[in-house]
Amino acid sequence: MTQLNILVVEDEDAIRDMLVMVLEQSGINVIDVPTAEAAQLSLADNAMPDLILLDWMLPGISGVELARRLKQDDLFKELPIILLTARGEEEDKVRGLEIGADDYMTKPFSPKELVARIKAVLRRSGKKLEDELLNVSDITLDIGKHRLTIAGKSLDVSPTEFKLMYFFMTHQDNVYSRTQLLDQVWGRSAYIEERTVDVHIRRLRKILKAYGKDELIQTVRGFGYRFSVID
Ligand code: CA
């Protein structure tokens with residue numbers, strides 16, 4: 001596969017260096033800049049990156065403003081953007097996604113989570129990625145082959161359950177409401193009742209239960225669901 005190019009826009013040196021290191025260790029080519037203005041120059045001067053990791057709070061033009069501008073620009077509107085923020089407020093997340101960011105991550109996050117999110121965003125945007133395996137607690141998702149295995153045994157799951165599992169495995173430890181799961185897994189345009197989510201969660205749990213893994217999908221009362229290896 002061709003090497004991925006990612007533009008990192010982050011004003012804090014320590015975080016920027018960490019991001020560059022993590023991405024380079026994953027075999028990704030990185031250009032890093034400290035401001036939105038420098039990012040605009042880089043985008044004008046260099047080959048189109050495959051994705052931008054964009055810090056929300058930047059001196060000068062903010063990250064969210066740069067994201068908004070890029071998403072309104074015909075040349076850049078298809079360029080995937082992951083917004084990074086130190087704040088975890090739901091309002092920010094909604095605003096970030098409203099202006100067209102493809103995903104949103106709250107600092108601090110683990111390198112593993114970052115790379116998983118990048119791959120998820122790139123896959124959604126239709127980039128070709130190498131056959132890839134996701135592993136969590138003996139559960140393996142083979143993305144290319146659309147196959148779920150637990151402890152080496154291949155299991156029958158519907159495409160929706162596969163997508164749900166994929167979403168959970170790339171978004172561990174966060175709680176998602178039924179509406180959020182519908183948006184993320186079924187797609188924004190789908191008109192599906194919220195209890196459909198419960199039906200698919202129940203099926204997925206049943207499959208996992210045979211291997212003692214059903215507790216990975218946790219019900220958070222009054223809110224929704226969480227996938228976590230931590231109780
Ligand atoms: Ca910042």
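Both backbone and side-chain heavy atoms feed into the values below; hydrogens, waters and symmetry mates do not. Whatever order the structure lists them in is the order used to number ligands and atoms, beginning at 1.
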Looking at the Ca ion (ligand 1), is one of the N, O or S atoms of Glu12 less than 3.0 Å from it?
no

Would you say Ile201 and Ile217 make side-chain contact, with heavy atoms under 4.5 Å?
yes

Tyr225 and Phe168: ring-ring contact (aromatic ring centres under 6.0 Å, His included), yes or no, with the steps?
CA-CA 9 Å; Tyr225 295 102; Phe168 278 141; 7.2 Å; no

Determine which of the N, O or S atoms in Asp11 is closest to the Ca ion (ligand 1) and give its atom name.
OD1

As a test of reading the structure, name the N/O/S atom of Asp55 that is nearest the Ca ion (ligand 1).
OD2

Applying side chain to side chain donor-acceptor pair (under 3.5 Å), which residue pairs with at least one partner in residues 51-64 are found, sequence neighbours left out?
Asp55-Lys107

Give the C-alpha distance, both sets of side-chain angles, the deciding distance and a yes or no for side chain to side chain contact (heavy atoms under 4.5 Å, CB included) between Leu204 and Phe227.
CA-CA 12 Å; Leu204 204 47; Phe227 181 92; over 6 Å; no

